[in-house]
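Side chains included, hydrogens not; waters and symmetry mates left out as well; all remaining heavy atoms used.
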Amino acid sequence: MTLAEFRLTYPAAAFTVSSGKPFVYRYYKNSQAKATLVLLTGGIGLSDLFYKHFASFAQDFSVLTFDYQIPFADNGEFADAVAELLRHLGERVWLVGQSLGGVVAQVIATRHPEVVEGLVLSNTCSLSGSMSEEGYRDLMQMVESQRKFKKWLSILPFSFIKGMMRRAVLKMKTDNFTAAEKVAMKEICDAMLELLTKPYEAHMIDFLCDAEHYFGLTQDDFAPWKGRVLLILSEDDITFTPACKQDLIDLMPSPTVVTHLTGGHLALMVRLEQYADLVTGFIKARME
């Protein structure tokens with residue numbers, strides 16, 4: 001399935017939240033499914049980059065996804081809008097978040113636990129209030145690097161910025177990738193270049209930096225999902241340090257931790273089939 005075919009098969013819809021702002025989303029209701037997944041993309045913020053994941057999961061689940069939209073300026077406002085949409089759809093969901101999406105999932109779950117069945121978080125970090133000194137330092141370095149990047153964004157032509165982003169993805173070590181997996185990486189870049197705009201990239205930097213305002217979560221905040229948290233933390237992902245990963249493990253109650261999914265930070269993209277099997281198996285085992 002191509003991206004164009006995906007958009008035709010799963011058209012976008014819009015829901016007006018109580019603040020009067022439109023919330024745009026894609027939703028597939030699988031009448032045979034016993035669970036619904038919300039796919040939360042990473043820091044690029046473009047949910048269409050997950051189109052193959054959406055189509056794959058739609059075989060077994062109902063699926064919902066959306067961008068981190070500009071009208072919702074911070075993580076709290078966005079989480080509240082997501083919860084309002086879920087109540088409108090009559091859904092209680094599994095939050096499936098990659099990278100920044102894992103952070104967004106934590107905000108949604110702790111603000112609106114009534115709409116959440118469980119969490120699947122991959123190659124991400126925690127919002128723990130008791131994170132290690134090393135983990136906190138590593139996260140704040142990431143935040144500061146994003147603030148510096150926003151300054152470059154205001155100065156440099158956006159075509160140059162997108163070229164930098166493309167090179168950052170394609171320079172990943174791909175020696176062990178199959179030909180199909182290398183093609184998948186190129187498809188990610190092509191879709192990103194098609195969809196990304198300068199205003200949206202600036203919004204996403206602000207949205208990511210805003211996450212530091214939600215530090216302070218405890219294991220008690222996640223107690224409702226004891227045994228219903230899957231952490232996929234690739235050993236070869238260097239975006240988040242070992243300290244950040246351990247802080248996330250320590251925050252979650254009795255999580256299942258998987259480290260063998262290789263492919264770096266974007267393992268779920270280049271190892272889509274293995275990733276989908278892990279997530280599907282975990283959730284189905286908790287539906288029985």
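No donor-acceptor distance shorter than 3.5 angstrom exists from the side chain of Y28 to the backbone of A55, with no hydrogens or angles considered. For the pair S154 (side chain) and K151 (backbone), a donor-acceptor distance under 3.5 Å is present. Of the possible polar contacts, one joining the H53 side chain to the L268 backbone as a donor-acceptor pair under 3.5 Å is found. In this structure, the side chain of D236 engages the main chain of G263 through a donor-acceptor pair within 3.5 Å. Between the side chain of E212 and the backbone N or O of M140 there is no donor-acceptor pair closer than 3.5 Å. Of the possible donor and acceptor atoms, one in the side chain of W225 sits under 3.5 Å from a partner among the backbone N and O of V116. Side-chain N or O atoms of H213 include none that pairs as donor or acceptor with a backbone N or O of N75 at under 3.5 Å. In this structure, S234 contributes its side chain and L261 its backbone to a donor-acceptor pair below 3.5 Å.
Separation of atoms CG (L100) and CG (L40) is listed at 9.0 Å; rounding is to 0.5 Å.
Side-chain atoms of D247 and S128 include no donor-acceptor pair closer than 3.5 Å. Of the N and O atoms on the side chains of E91 and Y27, at least one donor lies less than 3.5 Å from an acceptor on the other residue. Side-chain contact of D67 with S47: a donor-acceptor pair under 3.5 Å is present, judged by distance alone. S18 and E84 share a donor-acceptor pair across their side chains, judged by distance under 3.5 Å alone.
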side-chain hydrogen bond (donor to acceptor under 3.5 Å, both in side chains) between T280 and D60, worked out: CA-CA 8 Å; T280 299; D60 296 287; 4.5 Å; no
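More than 12 heavy atoms of other residues, nucleotides or ligands lie within 6.0 Å of CD in E114, so this atom counts as buried by the packing criterion.
Put simply, the residue from L153, L208, D206 that forms a side-chain contact (heavy atoms from CB on, under 4.5 Å) with Q146 is L208. Each of V17, D80, L64 was compared with L85 under the side-chain contact (heavy atoms from CB on, under 4.5 Å) criterion, and only L64 meets it.
For the pair R147 and E144, the salt-bridge criterion is met [side-chain N within less than 4.0 Å of a carboxylate O].
Geometrically, R286 engages F282 in a cation-pi contact, judged by NZ or CZ lying under 6.0 Å from the ring centre and within 45° of the ring axis.
The list of ring pair (Phe, Tyr, Trp, His ring centres under 6.0 Å) pairs with a residue in residues 226-259, not counting sequence neighbours, reads F240-H265.
Applying the ring pair (Phe, Tyr, Trp, His ring centres under 6.0 Å) test to F66 and every residue at least two apart in sequence or in another chain returns F23, F78. Listed by chain and residue number, nothing satisfies the salt bridge (charged side-chain N to carboxylate O under 4.0 Å, His left out) test with K34 (two or more places apart in sequence, or in another chain).
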